[in-house]
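Before any comments, here is the structure.
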Number of protein chains: 2
Amino acid sequence: MPDERRPRSVTRADVARYAGVSTAVVSYVLNDGPKAVAPLTRERVLDAVRVLGYRPNAAARALSKGAADMLGLLVNDNRNPFFAELCHALDQASAETGRSLLIVNSDRTQVTTSEQIRDLVSRQIGGLIIADVLTAREQALVESLGIPAVLIGPFGETDGLQSIGVDFCAGTRESTTHLIEHGYRDVAFVGSAARYDDRERGWREALVDARLAPGMLLHVPFSYQGGYDAGTRLADAERRPRAVVAASDQIAIGMLAAFGERGIRVPDDIAIVSFDGTVTADFVWPRLTTAVQPLEQMAAAAVRALLEPSPPGEHHAFPARLRIRESCGCRPGGGE
Amino acid sequence: MPDERRPRSVTRADVARYAGVSTAVVSYVLNDGPKAVAPLTRERVLDAVRVLGYRPNAAARALSKGAADMLGLLVNDNRNPFFAELCHALDQASAETGRSLLIVNSDRTQVTTSEQIRDLVSRQIGGLIIADVLTAREQALVESLGIPAVLIGPFGETDGLQSIGVDFCAGTRESTTHLIEHGYRDVAFVGSAARYDDRERGWREALVDARLAPGMLLHVPFSYQGGYDAGTRLADAERRPRAVVAASDQIAIGMLAAFGERGIRVPDDIAIVSFDGTVTADFVWPRLTTAVQPLEQMAAAAVRALLEPSPPGEHHAFPARLRIRESCGCRPGGGE
DNA sequence: CTGAAAGCGCTTACAG
DNA sequence: CTGAAAGCGCTTACAG
């Protein structure tokens, strides 16, 4: 028996020969076009494919068509729970259109993001999903490359690119109002200093609506550590707020750790609401009341935006939905 | 000005023309081989590349070479924090060899894992990393495809495939022993029923070493929910154990929620150690004492195993390192 | 050290 | 409805 390892894979020509047709016809039936094929011929081809175990070579197809059945995703760090969930949703959504997702983390030191974008494009991706903040230069690069692109995540809207997000302002306003309805008058906010982020504004507006004085405002990175640091500062404040709005679940969880460490009880000593609706928020104690982002819908919209692009600059904001749990002081499932 | 969108990209032929050489020479300099090129010619080519802003077409290259500069990764669910960190490490490791990572989640209902494997291979990936449990059929498929493959994660070793993991038995044995040294005599174990998982054995051996009676044993899925359920059962047990070994951080965190909900204090009422060393373990309260898996090293080893394959069946186990924090009853950073 | 040319496996006008 | 053939942009023996 000759060397059988990595058998030269069967090619379109083999299928054509076996079925007694031209390779063109094989293409037509496999791609359902662009030409019609007689039902009987079609059956013969399909049969040959089955018998031979034929699989098209995606690279050849990509070269020929000038486009691979792949989408690119640029994300800062797929370990961040929110982005991990977003990646997953995007993988699903793009798989539903028969495309694979090439995920690239931009938090790498050896390579610039521009390099990564160029690399993605050289792989003939059909579109680029950006779940990351881009510098003006980088965005200009993306626009000049001429491939469909869409921004997704908490990065606001921008001229020149389509974008998908949620209504952060309304979401935070609602959760802040919820806290106020619990009777807390002194409501702090912990979020990022990013100017594209509307969560701070939502919090502010809710306080104004309720004619409350502005609460304590802390800017930290979007991470457990950021939340932990904020929690520490809140705990040590001369007048500790009675409630706090966290801009993300991660921040809230970091705060929980800082509070736990100091014996500060949530929600009894300080109530918390947060944003995102990641799974982890449901498995800390107390469970987090959080504004849930509809990731599946957002992901589907992002993929759609690549396949049938809208005008650049167009922004689609989905509503967040407040999920009530224990951290705000409610007793869901308790005595309702 | 004519239509400038998506300018026909500059090709190797353009570069060759501009530099006044053949396309072969362009290839030689860009790939550093297989032929040598005169220094001056080389400069001319490099210059042309710069001036024209040339980028090789990866699809053409893949077709020509029969291999894309891509590695495939099959993972059950990239949202699981441990696997999210593993994905990230693998992305880094493969990027370091100039390859992109095509990540595919197998937790999809519309498509079989075998289909996903075939799809990956049709994209001409240079190797397949499997961070997932495979059925015998699926593994046979991988082997028959003849591409380099490696199993990574808590899935043990297997004939026919190279694999990378950590020494679960020793790791758990060490953490269990640590608990015992705290004076706890009644140590439970919460893990999976998987026969490839050696963590249960490590726990058992530590108890035997200490001449302790076997503790309570619970089998649950590797998830927050699994941990939560286990925590509930532990809490409701007629004789609640004094300490528990969790097979993963996620399980431990789920247990923490169940305990928190019932007012059971950790570590005062029940001490916990877990496994994995994910970031989240450091930001719950109490912080988890956990056996850390050296993900970067494991990822690098996995990529290496693809590029210079070892004999199938070969297994490389890395040691886990116990990270002491508060959940076991220690006071790290406290009064040491 | 360099070039002309075949080939990788597809897709798709162009004829019939 | 089907086929012969050019072309996608690379790589790499094969000559010189």
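Here the structure is a predicted model, which is why all the values come from computation and not from measurement.
- Within the 4.0 Å cut-off from OP1 or OP2 of C/dT2, at least one side-chain nitrogen or oxygen of B/Thr41 is found.
- Judged as a salt bridge (Lys or Arg N to Asp or Glu O under 4.0 Å), the pairs with a partner in residues 94-107 of chain B (not counting sequence neighbours) are, in order, B/Arg79-B/Asp107.
- In this structure, the ring pair (Phe, Tyr, Trp, His ring centres under 6.0 Å) partners of A/Phe155, at least two apart in sequence or on a different chain, are A/Tyr196.
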Solution key, residues 125-142 of chain B side-chain donor-acceptor pairs under 3.5 Å, sequence neighbours excluded:
| unit_1 | atom_1 | unit_2 | atom_2 | d |
| --- | --- | --- | --- | --- |
| B/Asp132 | OD2 | B/Ser106 | OG | 2.6 |
| B/Thr135 | OG1 | B/Glu138 | N | 3.0 |
| B/Thr135 | OG1 | B/Glu138 | OE1 | 3.4 |
| B/Glu138 | OE1 | B/Thr135 | N | 2.9 |
| B/Gln139 | OE1 | B/Thr158 | OG1 | 3.3 |
| B/Gln139 | NE2 | B/Glu143 | OE2 | 2.9 |
| B/Gln139 | NE2 | B/Thr158 | OG1 | 3.1 |
| B/Gln139 | NE2 | B/Asp159 | O | 2.7 |

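- Evaluation of the side-chain contact (heavy atoms from CB on, under 4.5 Å) rule for A/Ala48 yields A/Val15, A/Tyr18, A/Ala19 as partners, not counting sequence neighbours.
- B/Glu115 is linked by a salt bridge (Lys or Arg N to Asp or Glu O under 4.0 Å) to A/Arg55, B/Arg118, counting only residues two or more places apart in sequence or in another chain.
- Rounded to an integer number of Å, the gap from CZ of B/Arg42 to P of C/dC1 is 12 Å.
- With rounding to whole Å, A/Leu63 atom CG is found 14 Å from C/dC8 atom P.
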Donor-acceptor list for residues 26-34 of chain A side chains, cut-off 3.5 Å, not counting sequence neighbours:
| unit_1 | atom_1 | unit_2 | atom_2 | d |
| --- | --- | --- | --- | --- |
| A/Ser27 | OG | A/Arg12 | NE | 3.0 |
| A/Asn31 | OD1 | A/Arg61 | NH2 | 3.3 |
| A/Asn31 | ND2 | A/Ser27 | O | 3.4 |

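- Residue A/Ala38 is classed as a sugar-phosphate contact, given heavy-atom separations below 4.0 Å to backbone atoms only.
- D/dG9 atom C1' lies 16 Å from atom CZ of A/Arg123, rounded to whole Å.
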message = What does the B/S/- profile of nucleotides 10-16 of chain D look like, 5' to 3', with a 4.0 Å heavy-atom cutoff to protein?
response = BBBBBB-
Intra- and interstrand pairs of DNA chain D - dot-bracket, Watson-Crick/G-U under 3.5 Å, | marks other strand = |||.||||||||.|||
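- Rounded to an integer number of Å, the gap from B/Leu40 CG to C/dC1 C1' is 12 Å.
- For the residue pair A/Asn105 and B/Asp91, the shortest heavy atom distance occurs at ND2-OD2, 2.8 Å.
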Extract all donor-acceptor atom pairs below 3.5 Å that involve side chains of residues 304-318 of chain B and protein atoms in other chains or at least two apart in sequence.
| unit_1 | atom_1 | unit_2 | atom_2 | d |
| --- | --- | --- | --- | --- |
| B/His315 | ND1 | B/Ser163 | OG | 2.7 |

